[in-house]
Amino acid sequence: MRRGVLGVVGGRIGDVERVACRRKPIAIAPRIDHFRRRVVGQTIREVGRVGKRVVLRLDSADAIVLEPRMTGLVLVANPPSREHLRFRCRLTGSGTRELLYWDRRGLGNVRLFSPAEFETAFGPEKLGPDALAMTADLFRTRLGGSKRAVKVALLDQRAVAGIGNLYASEILHVAGVHPARRCDRITRDQWRRIADATHAVLETAIRCEGSTLGDGTYRNALNQAGSYQNHHRVYDKAGEGCLRCGAESRIVRIVQAQRSTFYCRECQRN
DNA sequence: CCCCAGTCCTGCGGGC
DNA sequence: TGCCCGCAGGACTGGG
């Protein structure tokens, strides 16, 4: 999603508006008039990412952070529907004329941070190292002492930033580790496989522009469907055969920390 | 420290 | 067909 937004770099913010929507508006902070006062006329210097959020760094050193959560989209193209458009940022002086935030469920938010606020919200106390920067040793030092199930721990953004529910199941399947395995019983070799799998899965998913599941919600910044769902090995595949070990009908769904986990009962042993 | 349920929302597909 | 229920790429809070 971030990559599709890179064209806004160099753009000057003309106006920002909260788009009227039927129901409760999404969280935009600070209030839109204060927000506008601080960003209009600013140039976007850089498009970054912090965990699962897109970060627009401005000349003023303030940063606009868009956090899509489950169903939010950061777009530089027409949104999937007019209906759930939440926020618009008009731009001049770049190829992109406007940046939009669209969110069906409205669980996400758009917030403006000063450098100090940004550090408080996303510093090392709140967010672990990025998933793509993780090594076997980093995994082991950060999670190896925990009694938690490894799949639950992978979703803990304070431990590792950027792994979502779908990808946690896929990563553990590639690594051949049972999702309920306690972190403190995972071997060095398994951490190495988890680290390798994290890179393999996330890098491929990024190349594929993410996973567009049944309801079609996830799209890239151009409102195009992703294709990583075609690479899924376990997610939403309960009852199917395993591509890793060839076992028939051994993929199952369980619930951990109130969220779905999928794994192969044959080749991911606890 | 860690679990769990509840909360914020909308919309979908399945079962009856 | 219509209705109800469970479920969803996330994160946070409060209670135990």
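Values in this document were obtained by computation on a predicted structure and should not be read as measured data. Just so it is clear: chains get the letters A, B, ... in the order the sequence lines come, proteins before strands, and each one is counted from 1.
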**Prompt:** Roughly how far apart are Ile251(A) CD1 and Asp236(A) CG, rounded to 0.5 Å?
**Reply:** 11.0 Å
Indicate yes or no: does [X] engage [Y] in a salt bridge with an N to O separation below 4.0 Å.
{"X": "Glu266(A)", "Y": "Arg244(A)", "result": "no"}
{"X": "Asp189(A)", "Y": "Arg192(A)", "result": "yes"}
{"X": "Arg104(A)", "Y": "Glu83(A)", "result": "no"}

**Message:** By nearest heavy atom, map Arg148(A) and Gln258(A) onto DNA chain B; which one lands nearer the 5' end?
**Reply:** Arg148(A)
**Prompt:** Start at the 5' end of DNA chain B and walk down; is the nucleotide closest to Gly106(A) or to Ala257(A) reached first?
**Reply:** Ala257(A)
**Request:** For dC4(B) versus dG9(C), give the span between their C1' atoms, rounded off to a whole number of Å.
**Result:** 22 Å
**Message:** Please report the distance separating the P of dA5(B) from the corresponding atom of dC7(C), rounded so that it comes out in whole Å.
**Reply:** 13 Å
Closest nucleotide among [options] to the [X] side chain:
{"X": "His84(A)", "options": "dG9(C), dG11(B), dA11(C)", "result": "dG11(B)"}
{"X": "Gln157(A)", "options": "dA11(C), dA8(C), dC2(B)", "result": "dA11(C)"}
{"X": "Glu83(A)", "options": "dC8(B), dG11(B), dG9(C)", "result": "dG11(B)"}

Rounded to whole Å, how long is the line connecting atom [atom1] of [X] with atom [atom2] of [N]?
{"X": "Lys151(A)", "N": "dG10(C)", "atom1": "NZ", "atom2": "C1'", "result": "12 Å"}
{"X": "Ile163(A)", "N": "dA11(C)", "atom1": "CD1", "atom2": "P", "result": "11 Å"}
{"X": "Arg105(A)", "N": "dC7(C)", "atom1": "CZ", "atom2": "P", "result": "13 Å"}
{"X": "Leu107(A)", "N": "dT7(B)", "atom1": "CG", "atom2": "P", "result": "14 Å"}
{"X": "Phe122(A)", "N": "dC12(C)", "atom1": "CZ", "atom2": "C1'", "result": "13 Å"}
{"X": "Met70(A)", "N": "dG9(C)", "atom1": "CE", "atom2": "P", "result": "5 Å"}
{"X": "Leu66(A)", "N": "dG10(C)", "atom1": "CG", "atom2": "P", "result": "17 Å"}
{"X": "Asp103(A)", "N": "dA8(C)", "atom1": "CG", "atom2": "P", "result": "18 Å"}

Looking for any heavy atom pair under 4.0 Å, which part of the strands does [X] touch: base, sugar-phosphate only, or nothing?
{"X": "Thr71(A)", "value": "nothing"}
{"X": "Glu67(A)", "value": "sugar-phosphate"}
{"X": "Tyr235(A)", "value": "sugar-phosphate"}

**Message:** Could you check whether the side chain of Arg259(A) and the base of dA8(C) have a donor-acceptor pair of N or O atoms closer than 3.5 Å, going by distance alone?
**Reply:** no
**dA11(C) pairs with, by Watson-Crick or G-U criteria that keep both distances under 3.5 Å** = dT7(B)
**Ring-ring centroid check Tyr218(A) Tyr228(A), cutoff 6.0 Å** = no
**Item:** Anti or syn - dG9(C), cut at 90° from 0
**Value:** syn
**Under-4.0 Å side-chain N/O to phosphate OP1/OP2 contact, Lys52(A) with dA11(C)** = yes
**Request:** Could you tell me whether Arg57(A) sits above the aromatic face of Phe118(A), with NZ or CZ closer than 6.0 angstrom to the six-membered ring centre and within 45 degrees of the axis?
**Result:** yes
